[in-house]
2 protein chains.
Amino acid sequence: MNRADASLIAIRRILRATEQFGRELAQSAGLTPVQFRVLQIVAERGDSTATAIAQRMHVSQATVTSLVDRLVRQGMVVREKSRTDRRQTNILITDKGRRTIEDAPDPLHQRYVDEFLAMEDWEQAMIVAALERVAAMLDAKDMDASPVLDARDIRHEIRDEPAEEPHAAG
Amino acid sequence: MNRADASLIAIRRILRATEQFGRELAQSAGLTPVQFRVLQIVAERGDSTATAIAQRMHVSQATVTSLVDRLVRQGMVVREKSRTDRRQTNILITDKGRRTIEDAPDPLHQRYVDEFLAMEDWEQAMIVAALERVAAMLDAKDMDASPVLDARDIRHEIRDEPAEEPHAAG
DNA sequence: GATGCTATTTAGCCTACCAAAGCAATTTGG
DNA sequence: CCAAATTGCTTTGGTAGGCTAAATAGCATC
């Protein structure tokens, strides 16, 4: 086994683990990964709007509407018209929704961070250097990814600027 | 910026780059990532069967049927009954299909391998060590991932043993 | 030649996505 | 103050990718 292969395999394990985790998380909560992600976003502040969620997840409002529909049907969130601007609909998390989030296993990144911090200084430095090297090799552009490890949204976050040109292609 | 965050960001960039690549590839080939993946598998030997594809991709045969339908409609592959066992349908790649594969940009992993091999020995070793460390942190189990970096199938390859218990939750 | 296994397709359903059209409320520009 | 534009969201209708269950067809065997 050469080292190029060894590194590819490791990368693949990382990808898989991240995906897998999102799936487990969502399943234990009785939601799909994407639904869970929506719930997480709502949970952050207790409420949110469809537009905000759509932007965070880089999907269309229409998609968010249907995802929220499902969460409403399951009693995870409720819709409520905003008093200040009645065009807006606030999506509020319910107790059940909050419990669902809380009962879910620790976010992957927490688990990771704990282990990471337990490492020795030199090893931390080595890992950061290596990962950044790999990231640079795979992805020439240096984007600003947020430090939250969450497979549930990478699937679409790559559509970076939907504002400019809505991809007229069929 | 602490190093735990830096490492998470790098991991995320790796995930994104992999996904992104699958998408670019698919767009330049005029196929979706999954369809392209099927075509790749058929292209490997020039032909394949639905079952083989289903196993490789860890999806059901029914799913493969509909994917192959689309590839047939686009003239990328043709179906042909096997002479030796007429239950089997061989899926043969066409010239167009082969050209599509060939015209597609280099597989991500090839690009990566080239760069990886260009590195100095000590750096290769460091990267392998770091990646394996991270993979171990994220994913306790040591699975046998193949040394092919390909986002297009990790999405579902994680369903390792659907035989046991099909997760009755609805 | 019935029984059963294997390979595939068909049928029906789901989630997740999108664009376009529609509706409602607010803001803007006379 | 009213019409028009803009904004926020939902509805509608479509696509892709996934599933299970059932149908179809061929092989194997006793």
Side-chain angles (χ1 to χ4, degrees), chain A residues 19 22-23 26-27 30-38 48-55 57-74 77 79-91 152-159 162-163 165-170, chain B residues 19 22-23 26-27 30-38 48-55 57-74 77 79-91 152-159 162-163 165-170:
Chain A
E19 266 290 328
R23 216 161 273 275
Q27 272 196 347
L31 299 172
T32 67
V34 181
Q35 287 168 19
F36 192 86
R37 181 69 182 129
V38 172
S48 189
T49 64
T51 302
I53 295 168
Q55 282 169 357
M57 295 182 63
H58 294 249
V59 297
S60 70
Q61 273 186 357
T63 300
V64 171
T65 293
S66 74
L67 293 171
V68 170
D69 281 350
R70 285 182 196 121
L71 291 175
V72 167
R73 237 176 279 141
Q74 294 181 77
V77 300
R79 285 190 172 97
E80 197 180 66
K81 285 274 173 187
S82 162
R83 260 89 56 221
T84 58
D85 181 342
R86 287 168 29 74
R87 288 170 307 181
Q88 282 190 173
T89 303
N90 287 124
I91 296 154
R152 286 177 286 313
D153 62 350
I154 67 151
R155 194 120 71 228
H156 303 96
E157 224 163 51
I158 57 178
R159 299 191 225 292
E165 194 203 305
H167 272 153
Chain B
E19 268 288 330
R23 221 161 272 276
Q27 272 197 346
L31 298 173
T32 66
V34 181
Q35 287 166 18
F36 191 86
R37 181 70 182 126
V38 172
S48 190
T49 64
T51 302
I53 295 168
Q55 281 168 357
M57 294 182 64
H58 294 251
V59 298
S60 69
Q61 275 186 356
T63 299
V64 171
T65 293
S66 74
L67 293 173
V68 170
D69 281 349
R70 284 181 197 122
L71 291 176
V72 168
R73 237 175 281 142
Q74 294 180 77
V77 301
R79 285 190 172 96
E80 196 180 66
K81 286 275 174 188
S82 161
R83 260 90 53 220
T84 58
D85 181 344
R86 288 169 29 75
R87 292 168 306 180
Q88 282 189 173
T89 301
N90 287 125
I91 295 153
R152 289 178 282 314
D153 63 351
I154 68 153
R155 190 118 76 230
H156 302 96
E157 224 162 49
I158 58 178
R159 299 191 223 290
E165 194 202 307
H167 271 147

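Reminder, nothing fancy here: chain letters follow the sequence lines and each chain counts from 1.
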Notebook entry, point to check: Atom CD of B/Q35 to atom P of D/dA16: distance rounded to whole Å?
Noted result: 7 Å
Note to self: Counting only side-chain nitrogens and oxygens, does A/T63 get under 4.0 Å of the OP1 or OP2 atom of C/dC18?
What the structure shows: yes
Between the protein and nucleotides 3-9 of chain D, list every N/O to N/O distance that falls short of 3.5 Å.
{"unit_1": "D/dT7", "atom_1": "O4'", "unit_2": "A/R87", "atom_2": "NH1", "d": "3.2"}
{"unit_1": "D/dT7", "atom_1": "O2", "unit_2": "A/R87", "atom_2": "NH1", "d": "3.4"}
{"unit_1": "D/dC9", "atom_1": "OP1", "unit_2": "A/T89", "atom_2": "N", "d": "3.3"}
{"unit_1": "D/dC9", "atom_1": "OP1", "unit_2": "A/T89", "atom_2": "O", "d": "3.3"}
{"unit_1": "D/dC9", "atom_1": "OP2", "unit_2": "A/T51", "atom_2": "N", "d": "2.9"}
{"unit_1": "D/dC9", "atom_1": "OP2", "unit_2": "A/T51", "atom_2": "OG1", "d": "2.2"}

Item checked: Polar side chain donor-acceptor pair, B/T89 to B/E80, under 3.5 angstrom -> no
Check: Whole-Å distance between C/dA7 P and B/I53 CD1?
Finding: 14 Å
Margin query: If I take atom NE2 in residue B/H58 and atom C1' in nucleotide D/dC19, what distance separates them, rounded to the nearest angstrom?
Written below: 16 Å
Next item on the list: For B/L71 and D/dG17, give me the distance from atom CG to atom P, rounded to whole Å.
Entry: 9 Å
Item checked: Closest to the B/V59 side chain, choosing from D/dG17, C/dT15, D/dG18 -> D/dG18
Checklist line | Stepwise side chain to side chain donor-acceptor pair (under 3.5 Å) check, A/S82 with A/T84 | finding: CA-CA 6 Å; A/S82 162; A/T84 58; 3.0 Å; yes
Item checked: Integer-rounded Å distance: D/dG18 P and B/L67 CG -> 6 Å
Checklist line | Whole angstrom value for the distance that separates P of D/dG17 from CZ of B/F36 | finding: 13 Å
Notebook entry, point to check: Pick the nucleotide of DNA chain C nearest each of B/V68 and A/S60; which residue has the one closer to the 5' end?
Noted result: B/V68
Check: Roughly, in whole Å, what's the span from CZ in B/R86 to C1' in C/dT6?
Finding: 15 Å
Check: Say you draw a straight line from CD1 of A/I53 to CG of A/L71; how long is it, rounded to the nearest 0.5 Å?
Finding: 8.5 Å
Notebook entry, point to check: Tell me, do B/V38 and B/V64 make a side-chain contact under 4.5 Å, heavy atoms counted?
Noted result: no
Margin query: On DNA chain D, does the nearest nucleotide to B/R70 precede the nearest nucleotide to B/A62 from the 5' side, or the other way round? Give the residue.
Written below: B/R70
Next item on the list: Specify the separation, in whole Å, of atom CE of B/M57 and atom P of D/dG18.
Entry: 6 Å
Next item on the list: Kindly write out the residues that satisfy side chain to side chain donor-acceptor pair (under 3.5 Å) with B/Q55, not counting sequence neighbours, or none if the list is empty.
Entry: none
Margin query: Taking salt bridge (Lys or Arg N to Asp or Glu O under 4.0 Å) as the definition, give me every residue that meets it alongside B/R86, ordered by chain and number, with sequence neighbours left out.
Written below: none
Next item on the list: Please report the C-alpha distance between A/T32 and A/R37 in whole Å, then the side-chain angles of each, then the deciding distance to 0.1 Å, and finally whether the side-chain contact (heavy atoms from CB on, under 4.5 Å) criterion is met.
Entry: CA-CA 9 Å; A/T32 67; A/R37 181 69 182 129; over 6 Å; no
